[in-house]
Amino acid sequence: MIDVQPINVDGNLYQGVSVTLPKTTLLVITGKSGYIMCGALDVKLLNDKLADRNVIAGKAVGVRTLDDLLHAPLAEVTIGAEKLGIHIGTTGIDALKLMA
């Protein structure tokens with residue numbers, strides 16, 4: 001099942017997507033310039049193979065819901081995210097604020 005819902009962070013609208021898969025759930029919250037995602041995000045791929053795209057993204061691990069993703073500290077971030085001031089340990093909600 002795929003669930004899509006709007007998420008409002010300080011007046012900025014983001015889109016939360018939850019995809020139920022066998023034995024796991026894929027979680028993403030995306031905005032205009034970047035996104036945060038569950039542990040399925042391959043930050044190394046984005047930084048190495050897709051570096052020319054300057055993807056702004058962060059990964060949180062151990063999250064089970066979109067609310068968890070908002071409040072969890074990011075375990076990895078892309079180079080593009082670091083340029084915006086998003087670092088390992090930044091919460092998902094704070095990362096989204098910086099992406100606004």
Side-chain angles (χ1 to χ4, degrees):
M1 177 163 67
I2 299 173
D3 178 55
V4 179
Q5 62 182 330
I7 296 176
N8 188 316
V9 177
D10 287 350
N12 293 301
L13 194 58
Y14 298 88
Q15 189 171 55
V17 181
S18 176
V19 181
T20 304
L21 302 169
K23 301 183 184 183
T24 194
T25 302
L26 180 67
L27 301 167
V28 181
I29 301 173
T30 185
K32 293 176 186 167
S33 68
Y35 58 93
I36 56 174
M37 190 171 168
C38 66
L41 180 64
D42 189 342
V43 172
K44 183 172 174 25
L45 172 82
L46 296 174
N47 283 337
D48 295 347
K49 303 286 186 190
L50 304 176
D52 60 318
R53 297 183 187 184
N54 192 37
V55 174
I56 298 168
K59 171 171 89 174
V61 295
V63 295
R64 294 176 183 252
T65 66
L66 292 171
D67 191 58
D68 288 348
L69 183 56
L70 285 171
H71 296 95
L74 299 178
E76 289 184 72
V77 299
T78 62
I79 294 167
E82 286 181 342
K83 290 178 184 176
L84 285 180
I86 301 166
H87 304 288
I88 292 172
T90 301
T91 63
I93 198 165
D94 287 338
L96 290 173
K97 289 175 185 178
L98 290 168
M99 291 177 196

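Predicted, not measured: the structure shown is a model, and the values here were computed from it.
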Mind checking whether [X] and [Y] have side chains closer than 4.5 Å, heavy atoms only?
X	Y	answer
Asn12	Leu96	no
Leu70	Ile29	yes
Ile36	Val28	no
Lys59	Leu74	no
Val17	Asp3	no
Val77	Glu82	yes
Lys97	Asp10	yes

Trace of the side-chain contact (heavy atoms from CB on, under 4.5 Å) decision for Leu26 with Met37: CA-CA 8 Å; Leu26 180 67; Met37 190 171 168; 3.3 Å; yes
Nearest heavy-atom pair of [X] and [Y]: which atoms, and what distance?
X	Y	answer
Gly89	Pro73	O-CB, 3.6 Å
Ile86	Ala95	CD1-O, 3.6 Å
Asn54	Gly80	OD1-CA, 3.3 Å
Ala57	Ala81	O-CB, 3.6 Å
Asp42	Leu45	OD1-N, 3.0 Å
Pro6	Leu13	CB-CD1, 3.7 Å

Atom CD1 of Ile2: over 12 foreign heavy atoms under 6.0 Å: no
Candidate pair Leu41 and Tyr35, rule side-chain contact (heavy atoms from CB on, under 4.5 Å), full reasoning: CA-CA 10 Å; Leu41 180 64; Tyr35 58 93; 3.8 Å; yes
Worked check of side-chain contact (heavy atoms from CB on, under 4.5 Å) between Gln5 and Leu66: CA-CA 10 Å; Gln5 62 182 330; Leu66 292 171; 2.9 Å; yes
side-chain contact (heavy atoms from CB on, under 4.5 Å) between Ile56 and Leu84, worked out: CA-CA 8 Å; Ile56 298 168; Leu84 285 180; 3.7 Å; yes
Atom pair [atom1] ([X]) and [atom2] ([Y]), whose distance is rounded to the nearest 0.5 Å:
X	Y	atom1	atom2	value
Asp68	Leu27	CG	CG	8.0 Å
Ile93	Leu98	CD1	CG	11.5 Å
Thr30	Met99	OG1	CE	8.5 Å

Is a side-chain donor or acceptor of [X] paired with a backbone partner of [Y] at a separation under 3.5 angstrom?
X	Y	result
Thr25	Arg64	no
Thr90	His87	yes
Thr78	Val55	yes
Tyr14	Asn8	no

Cluster check Val9, Val4: I/L/V/M/F/W/Y, side chain < 4.5 angstrom: no
